[in-house]
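Each remark here refers to the structure printed beneath this line.
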Amino acid sequence: MAPHASLARVSTPPRPDRPVLLRMSALAQVRAGRKTRRLLQLLVGLVGYGAAVMTLVLSGLGAASWNVLTEGTAHVWGISFGWATNLISVLVLLTWIPLRELPGLGTFLNVAVVGFAADATAAVLPEPHGLPARIT
């Protein structure tokens with residue numbers, strides 16, 4: 001007996017104008033095309049993100065939830081914000097093991113780069129004084 005017309009699933013081929021996302025391991029991502037450009041974009045983005053997070057933290061005008069967790073961890077353990085970021089990233093990555101989630105190259109570089117970029121930004125950026133400096 002054939003399924004009712006409203007319950008039938010129609011399989012349509014992917015359209016050529018839409019990219020197809022593939023699930024690739026970190027090694028497969030490294031072997032993919034345009035390596036240099038993609039790696040450079042990834043590294044610039046991660047360094048920029050680490051710098052932006054630290055700028056927000058130093059401004060004292062508020063923080064995202066992960067930043068609050070990281071600041072608390074850094075305070076309790078007596079380590080820098082960047083080291084706390086990296087340690088929390090490793091712990092989150094370890095929780096992926098039972099979930100059988102495949103981390104990619106970007107995930108591994110996130111663990112390695114964002115915290116260090118945040119600490120480097122804190123080392124060169126003076127602490128802002130006054131509300132106009134904090135907003136800037």
Side-chain angles (χ1 to χ4, degrees):
M1 183 169 166
H4 189 271
S6 64
L7 299 177
R9 291 189 179 172
V10 178
S11 176
T12 59
R15 291 175 33 184
D17 60 335
R18 288 191 180 169
V20 177
L21 296 177
L22 301 175
R23 186 177 167 111
M24 295 190 295
S25 68
L27 188 57
Q29 290 176 20
V30 170
R31 292 180 180 159
R34 296 183 295 219
K35 290 180 206 107
T36 304
R37 177 178 160 234
R38 293 174 64 219
L39 188 61
L40 185 63
Q41 285 176 323
L42 175 63
L43 290 173
V44 167
L46 291 174
V47 169
Y49 177 70
V53 165
M54 183 49 73
T55 303
L56 179 63
V57 169
L58 289 176
S59 75
L61 295 175
S65 56
W66 282 101
N67 297 355
V68 174
L69 172 67
T70 305
E71 284 187 89
T73 303
H75 178 73
V76 168
W77 288 353
I79 57 178
S80 70
F81 182 88
W83 274 106
T85 299
N86 290 346
L87 290 175
I88 290 171
S89 297
V90 167
L91 290 174
V92 169
L93 193 58
L94 289 174
T95 63
W96 286 16
I97 294 171
L99 300 174
R100 297 179 187 218
E101 191 67 34
L102 296 174
L105 178 63
T107 307
F108 288 121
L109 287 175
N110 183 352
V111 171
V113 172
V114 172
F116 294 118
D119 278 349
T121 301
V124 298
L125 208 72
E127 187 170 336
H129 297 287
L131 188 59
R134 291 181 187 281
I135 292 172
T136 303

Do I97 and L99 share a hydrophobic cluster, counting only Ile, Leu, Val, Met, Phe, Trp and Tyr and linking them when any side-chain heavy atoms are less than 4.5 Å apart? no
Hey, could you give me the CZ/CG distance between F81 and L58, rounded to the nearest 0.5 Å? 9.0 Å
Would you give the length of the straight line joining atom CG of L43 to atom CZ of R38, rounded to the nearest 0.5 angstrom? 12.0 Å
Nearest heavy-atom pair of P103 and L93: which atoms, and what distance? CB-CD1, 3.7 Å
All N/O donor-acceptor pairs, side-chain side in residues 107-115, below 3.5 Å, sequence neighbours left out:
none

When Ile, Leu, Val, Met, Phe, Trp and Tyr are grouped by side-chain heavy atoms lying under 4.5 Å apart, directly or through other members, which residues fall in the same group as L87? V76, W77, I79, W83, F116
With rounding to the nearest 0.5 angstrom, report the OG to CE distance, S80 to M54. 7.5 Å
I'd like to check the side-chain hydrogen bond (donor to acceptor under 3.5 Å, both in side chains) partners of T55; sequence neighbours left out, ordered by chain and number. none
Hey, mind stepping through L131 and L61 against side chain to side chain contact (heavy atoms under 4.5 Å, CB included) and telling me if it holds? CA-CA 9 Å; L131 188 59; L61 295 175; 4.0 Å; yes
Residues which pass side chain to side chain contact (heavy atoms under 4.5 Å, CB included) with L69, listed by chain and number, not counting sequence neighbours: W66, T73, I88
Set of residues satisfying side chain to side chain contact (heavy atoms under 4.5 Å, CB included) with respect to R37, sequence neighbours excluded: R34, Q41
Close side-chain approach of V53 to T70, heavy-atom, < 4.5 Å: no
Each residue besides V124 in its hydrophobic cluster should be listed here, by chain and number; the cluster joins Ile, Leu, Val, Met, Phe, Trp and Tyr at side-chain heavy-atom distances under 4.5 Å. none
Going from CG on L46 to CG on L42, what distance comes out if it is rounded to the nearest 0.5 angstrom? 4.5 Å
